[in-house]
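As structure tokens, the structure follows; a few thoughts come after it.
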Amino acid sequence: MASPMRIRAAAKDGVTEVRVLMSHVMETGQRKDSAGAVIPAHFITELSAKHNDKLVLSAEFGPSVSTNPYLAFKFKGGAKGDKLVVTWVDNKGDTRTDEVQVA
Amino acid sequence: MNNQRRDTLKAGGGLGMLGLLAAAGFIKPEMAHAAWNQTAFDAKNMDAAFAAFSAGKPAESADVVITAPDIAENGAVVPVGVVSNLPKTEQIVIMIEKNPNMVAATFTLPEGTVADVQTRVKMGQTSDVYAMVKADGKFYMAKKEVKVTLGGCGG
């Protein structure tokens, strides 16, 4: 199964900055292995971030996003100790959810 | 023999078949990707990509700012950031014109989320990077050329 995400969330001057590093192969389905067989696509398709159960970002990824995707965004509000939950789903139905406290 | 029972069975079987067909042919792809915008991610040219978002021809806007390197040494990891200074920005889409799948990522921003996202994308070759922004129901865009010295989509 997928490795945990590394999430940092820091609140400053009323804005919380979130940085997420996911661990995923993000295979495009374009590449071939040494035998010439196409490596099937395997990539994250959807991601959502919730701050105390309120949706703050939803994203859709295509295969053009880099291996081990990085994502940074900011939302207004958020205080130290608040809960931030990030969930992704990939095209094979795998999913992973991690949560952090806003620092 | 009870004919009525046979008919009921047949009718039931027929319905089941229809259900299967529907599931295999029409409903399944959408169920698997309930929210994922298949049309957009399959788009092979800019017009098709814009059409997938019903964006028509987005106007170029100086209020949409792309942060990306002028030259990316490694096309597998190109940092791209998009900032929109337009009020009521609700969606940001990052597209790479010369990639096989042009749409890299879409971000839907609920109210309260700052229109400032950064991610990393793959680029197969030197290409224009487009940022499309939906703000207050209208579409705007910006583009920036990123030169790639080593492609990120080769095998």
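Chain naming here is simple, since letters A, B, ... match the order of the sequence lines and numbering starts at 1 in each. The structure displayed is predicted, hence computed values, not measured ones.
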task: Output yes when Asp98(A) and Arg96(A) qualify as a salt bridge under the 4.0 Å nitrogen-oxygen rule, no when they do not.
output: yes
field: Per-residue contact mode, Thr67(A) against chain B (heavy atom under 4.5 angstrom)
entry: both
Interface moiety of Glu111(B) toward chain A, non-hydrogen atoms closer than 4.5 Å: backbone
field: Smallest separation among heavy atoms of Val146(B) and Ala68(B), with atom names
entry: CG2-CB, 3.9 Å
- line: Whatever's closer than 4.5 Å to a heavy atom in chain B on Leu21(A) counts as side chain
Contact leader toward chain B among Gly93(A), Ser66(A), Gly62(A), where contacts are heavy-atom pairs under 4.5 Å: Ser66(A)
- request: Check whether any side-chain heavy atom of Arg120(B) sits under 4.5 Å from a side-chain heavy atom of Pro69(A), and report yes or no.
  value: no
field: Within one Ile-Leu-Val-Met-Phe-Trp-Tyr cluster: Met46(B) and Val103(B), side-chain cutoff 4.5 Å
entry: yes
statement: Counting heavy-atom pairs under 4.5 Å with chain A, the top scorer among Val80(B), Asp116(B), Leu109(B), Val93(B) is Asp116(B)
- prompt: What part of Phe41(B) lies closer than 4.5 angstrom to a heavy atom of chain A: side chain, backbone, both or neither?
  reply: side chain
- request: State whether Lys98(B) and Asp128(B) are salt-bridged, where the test is any N-O pair (Lys NZ or Arg NE/NH1/NH2 against Asp/Glu carboxylate O) under 4.0 Å.
  value: no
field: Phe75(A) ring center within less than 6.0 Å of His51(A) ring center
entry: yes
- prompt: Between Val56(A), Val89(A), Thr16(A), Leu55(A), which has the largest tally of heavy atom pairs under 4.5 Å with chain B?
  reply: Val56(A)
